[in-house]
Every structure is written in C-alpha cells, then in structure tokens.
Undergrad: 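So that we are looking at the same thing, I have put the structure below in structure tokens.
Residue numbers begin at 1 in each chain, while the letters A, B, ... track the order of the sequences. No experiment lies behind these values; they were computed from the predicted model shown. Both backbone and side-chain heavy atoms feed into the values below; hydrogens, waters and symmetry mates do not.
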Number of protein chains: 2
Amino acid sequence: MSSKFESFLQETKQLIDRELPEFINRLDAEHRLKEAMLYSLEAGGKRVRPVLLMAVLDAYGQPISDGLEVACALEMVHTYSLIHDDLPAMDDDDLRRGQPTNHKVFGEATAILAGDALLTHSFSMISNAPHLNDDVKVKLISIFSEAAGASGMVGGQLADMLGEGKQLDVDQLASIHHRKTGELLAFAVKAGALIAGATMTDAVKLSEYGKEVGLLFQIKDDILDLEGDAQLIGKPVGSDLSNNKSTYPGLLGMDGAKEMLATHHQKALDPLKEIGLAGTLLEDLANYIVQRNH
Amino acid sequence: MSSKFESFLQETKQLIDRELPEFINRLDAEHRLKEAMLYSLEAGGKRVRPVLLMAVLDAYGQPISDGLEVACALEMVHTYSLIHDDLPAMDDDDLRRGQPTNHKVFGEATAILAGDALLTHSFSMISNAPHLNDDVKVKLISIFSEAAGASGMVGGQLADMLGEGKQLDVDQLASIHHRKTGELLAFAVKAGALIAGATMTDAVKLSEYGKEVGLLFQIKDDILDLEGDAQLIGKPVGSDLSNNKSTYPGLLGMDGAKEMLATHHQKALDPLKEIGLAGTLLEDLANYIVQRNH
C-alpha cells in the first residue's frame, strides 16, 4: 500500500467519521430516533463508498470536500440497508461487526424507522449540498435512487432472499451481488465522475471500473469468510457456509475464486489505464480491496 | 360540492389510478417486488395528496399533468408509510381499508422491502419528471425529504408510538399529527406552488392553507372514527378508542372537536382569500375534507 494511499484512506475515514454524525445531530427530531440513526452510522464501517467517491475526485485534482454530502448520503443508504437487512423478518442477525444490531438495542419499530429516516435524509443531503450545481444534483439523485431502489439494491436483497437455499450458478450469483452491493459501489464512482465533471468517455470507463470493484469486493468478502481472521472480519469464519449461502469459493473452489479475483482485478485496472488514470489512488484502491484482510 | 370540483376529483383520481401503476410496471425488478408495491398502491386510496397538488396547479391555470410525477411520488411515500406502519413491530394491523395489509399477503420481509423501494423510487420520479426545471426539482426534493423524514413524517410516527397510552394535550396531539400526516399534505400544496411558479407571498399563504388542511383532515378523521359508517370508513367505528389513541373528540368532547374543525376550516380559507384564490378548487377541497363521510 503506497503511503499516499494510506494517508488518503485515513484522512477520508476521519473526515467522514467526524462530519457524518453532525448531519444527524443537526436534525430537528426525537432524541431516540437520532440516537438509533447514529448508533449504526458510527458502528465502525470502513467507509469504502466515500473512499471510492473521493478517490475519483482526487484523481481529477478536485478537493475531496466537494463530495462530502454525497459521500455521507452513500453511508446513510448503506447503513439503512444493513439495519433493515438485520431485522428478524429479514436475515435476523443479532450481531454486526461484533456489536448488537440496531433492533437488538432500540427495538424493531425504532430500527425500521431509523432506516427509513436515513434513506430519506440521504436525498436531503444531496439536494442541499452547497458546492454542487442543480443539474449535477438532479443527475446524482436520479442514478442514486436507481442504484438503491427496486432495480438495484432493494431488488437485489429480495433476489438474494428468494435465492436462499437454491443452487445458483456464478452468473446468477454475480448478478444478485451486483444489484445488492455492486450498484451502490459503482454509484460512488459515477458520483465522483459527475462531481468532478469528467468527460463522457471517462465516465463510461470509470463505470466499468466501479462495476469491477463491486465484484472484487464481494469475491474477496467470500474468500475472507473462509480464510479470514474472525477477530478482524467481525464474524465467525465459515458463517456463509453454515448459513447455506452461495459463494464464489463454494461454486468455484478456493483456487477458482482466487483466479476469478485476479481476472477481475485486472479488469478493474484496464479501464483506468485507458483514460490515463493508472497510478492514481483508484488503482491503489482496487489493490487494497483485493489485498485487505478484513 | 360544486360540479366542477366533483369532475376535477374524478379526473385527478382516474389519472393517478391509471398512471401510477405504469411507473412501477416499467421498473426492471423482481415480479414479486413490483406486485407487492402495486398491491398497496392500488388498494383504493382517495388520492388526497395528488388532488391537493393538482388543485393548486389548476388555481394557477397550469395543466395538472405537469404535476403527475410529483403527485405519484407523493402517493408512493404515503403508501410506503402505511406499509411500514402496519408491520407487526409497529401498529400490527391485519386490515387496511378492509383488505389484508401488505405483510399479511406478501410476508414481512417483502413488505419492508416494498416500502423501501417505494420511498426510494419517489425520488427517482421527481428527478426524472420531464416538465420540470432542475432548480424546481432540487427544491422539491429538499422539502419533500424534509417533510417525509426524521423531522417530519418518520419522526412523527416515532413520536406517535412514544405517546401511546400517555395523556397528550391538544397542542401535543396537533404537533404529532402535523408531523405524521400534515407535513406531507402541506408538501402537496407547496409542491403545487413551486411547479406553478407562484410568487413567494402566494407560496407562504398556500403553506398556511396546506398546514390547516392537514389539521382539518385529522380532526375530521377522528370525528368519523366515532360517527362514521364502518362500511364507508373501512374500519370498525370507535377503533381509536379501543386502541387507546388520543383523539380530538377524546380531548375536547365531540362538540369541542366540531368547533375546532369549524375554526380551522375558516383558517384554511382565509389565506386563500388574501391571495385572490377564494372560489377556486382549493376552497372546494377544504370544504370537501370537512364534509366528507369517509
């Protein structure tokens, strides 16, 4: 990991960790609701989506603070999806990153409402971002709502539920993951391109990169579930297996999954080269996702 | 009810009933998810929010079709809030408008996701509305997300839950209702003013009207709960009482509640007079809300 990338990761995470709660604290709402929203926002996420967005801004020489509101909106939507996914009616998880899930602490009703409020507020964040023009905001909201909605993340979650216990092939698995998690990661990259005013050609190539990064992220998650350190990944090793979930190592064997990871690692880097963004933080970030240990 | 208003009500309801499902059918998503979204969207709502929005457009001589996407977005958010409110962890209702609630038909997980998808898609609807300028869209999304979010509807729902079983006074009750249902009704009026390009003075007066209409709506609902026809209101008479809910007749007596209704009826009509919109459909609409029997 280059030292520039290391300090960028740290700087971005600190910025988000510091600013994100402020946007919630400012809300004129019940203390209990804000507490529930903050609990999950502050539960120690890696802030991968903000990092992705801000790495694009950096690659175009734009201040990362220009993406602050959209990056926080992304964390809000990611967090709401975790709160709702953990509910008893959904995945029924008691722990997330080693801590009690939202509904275990605040009760189901408040957890549902905290998720709803985070999702709703994400659109307020974008529409009130001070450094963005109206046309950029409208485009961002259009592609954000698509990535997060029925044709993206929410639909992916339903497809994932419907696929449970069924034998999926690699393409089906990749398609579900792309919608469930990849679309939002890809949005982070597209949002960066829009805010930075990238050309259409660049935006298309960055979208390819974003899509590949989403896939890399999932393959690596599946590998870590089997080979990771339970302490670092925050859940028992092999929990996908015991939950009967389709995974890349399960379908391809561990060697096949690692081969797939290498192939798509290259496919993530290629579009960067084509638009002269090799060697930027975006390359470091793809490498980081592949090499991370949690 | 004037015959112009009667045909306007019918025309607006038909337009929404016809177009609303189309926006869902066009989504590239699981059949099951779209089915759950459509089930509640098509469960026979009165379309009060679209009617409000479009009555403002009509008062300014603007085609009501200019508000179609925002009106449908409003119905989506209203509908998602009903789906989530009916969940076992929330109000635990099996019936809504005489029909099984969403989670009774599709299961809790799908109901949660259908609500999430409707909320998310509402922002897609506004951002992609073909007849609106970007600055109008951004303002609409900003005030919409505020009306629907933690400081508005979602917070109101939590406040309502926290207030259950407690003795509230009239001001507390009005404040909770304003957030839980009034904010979205008031947004319908504000959205109409924004789309019609009303002056700031007009917009402020219309906001007052919108706030009063929200209150009228709730007082009348509480009165109907005790004096209405179970067949027409779609729930047993007196169900608020048996659910131990604070209501206006409960706090003020039936005569007091009717007096309050009359006072606020006048307060809804006054701002219309002040900006020369007396005698428009907006006046008819306030009268209709006060006189309706379901």
Undergrad: Which atoms of Leu27(B) are under 4.5 Å from chain A, going by heavy atoms: the side chain, the backbone, both sets, or neither?
TA: side chain
Undergrad: Classify the ring geometry of Phe123(A) against Phe123(B): parallel below 30°, tilted from 30° to 60°, perpendicular beyond 60°.
TA: parallel
Undergrad: With respect to chain A, which residue among Leu140(B), Asp135(B), Ile143(B) yields the maximal number of heavy-atom pairs within a distance under 4.5 Å?
TA: Asp135(B)
Undergrad: I'd like to verify something: which residue of Glu108(A), Arg32(A), His84(A), Lys137(A) has the highest number of heavy-atom pairs under 4.5 Å with chain B?
TA: His84(A)
Undergrad: Select one option (side chain, backbone, both, neither) describing which atoms of Leu162(B) are under 4.5 Å from chain A's heavy atoms.
TA: side chain
Undergrad: Write out, in numerical order, the residues from residues 183-192 of chain A with a heavy atom short of 4.5 Å from a heavy atom in chain B.
TA: none
Undergrad: For chain A, find which of Asp28(B), Ile141(B), Asp134(B), Leu119(B) contributes the most heavy-atom pairs closer than 4.5 angstrom.
TA: Asp134(B)
Undergrad: For Leu33(A), is it the side chain, the backbone, both, or neither that has a heavy atom closer than 4.5 Å to a heavy atom of chain B?
TA: both
Undergrad: Would you mind checking which part of Asp116(A) comes under 4.5 Å of any heavy atom in chain B, side chain (CB onward), backbone (N, CA, C, O), both or neither?
TA: both
Undergrad: Under a 4.0 Å threshold between the charged nitrogen and the carboxylate oxygen, would Glu208(A) count as salt-bridged to Lys211(A)?
TA: no
Undergrad: For the candidates Arg179(B), Gln157(B), Lys34(B), which exhibits the highest count of non-hydrogen atom pairs separated by less than 4.5 Å from chain A?
TA: Arg179(B)
Undergrad: What residue, out of Ala150(A), Gly149(A), Ala117(A), has the most heavy-atom pairs lying under 4.5 Å from chain B?
TA: Ala150(A)
Undergrad: Quick one, Tyr39(B) and Pro100(B) - any side-chain contact, counting heavy atoms below 4.5 Å?
TA: yes
Undergrad: Contact between Phe144(B) and Ser122(B) at the side-chain level, heavy atoms closer than 4.5 Å - yes or no?
TA: yes
Undergrad: Considering only heavy atoms, which portion of Tyr80(B) lies under 4.5 Å from any heavy atom of chain A: side chain, backbone, both, or neither?
TA: side chain
Undergrad: For Ser124(B) and Ser145(A), indicate whether the former's side chain and the latter's backbone hold a donor-acceptor pair under 3.5 Å.
TA: no
Undergrad: Would you mind telling me which of Gly115(B), Gly152(B), Ser81(B), Ser127(B) has the largest number of heavy-atom pairs within less than 4.5 Å of chain A?
TA: Ser127(B)
Undergrad: Is it true that a side-chain atom of Gln218(B) and a backbone atom of Leu215(B) form a donor plus acceptor pair closer than 3.5 Å?
TA: no
Undergrad: Only pairs of heavy atoms separated by less than 4.5 Å count here; which of Leu158(A), Leu118(A), Asn133(A) has the most with chain B?
TA: Leu158(A)
Undergrad: Under a 3.5 Å distance rule, please check whether Asn128(B) uses its side chain to pair with a backbone N or O of Ser142(A) as donor and acceptor.
TA: no
Undergrad: Using a heavy-atom cutoff of under 4.5 Å, enumerate the residues of residues 16-24 of chain A that contact chain B, numbered in order, or state 'none'.
TA: none
Undergrad: Please look at His121(B) and chain A and tell me whether the side chain, the backbone, both or neither of the residue comes under 4.5 angstrom of a heavy atom of that chain.
TA: neither
Undergrad: Identify which part of Ile112(B) has an atom lying under 4.5 Å from any heavy atom of chain A, answering side chain, backbone, both or neither.
TA: side chain
Undergrad: Mark yes or no for whether Thr101(A), through its side chain, and Asp93(A), through its backbone, hold a donor-acceptor pair below 3.5 Å.
TA: yes
Undergrad: Can you establish whether the number of heavy atoms outside Glu146(B) located under 6.0 Å from its atom CD is more than 12?
TA: no
Undergrad: Is it the backbone or the side chain of Ile126(B) that comes under 4.5 Å from a heavy atom of chain A, or both, or neither?
TA: neither
Undergrad: Looking only at atom types and distance, does a side-chain atom of Asp160(A) sit under 3.5 Å from a main-chain N or O of Ile176(A), one as donor and one as acceptor?
TA: no
Undergrad: Answer yes or no: is there a side-chain heavy-atom contact under 4.5 Å between Phe217(A) and Thr181(A)?
TA: no
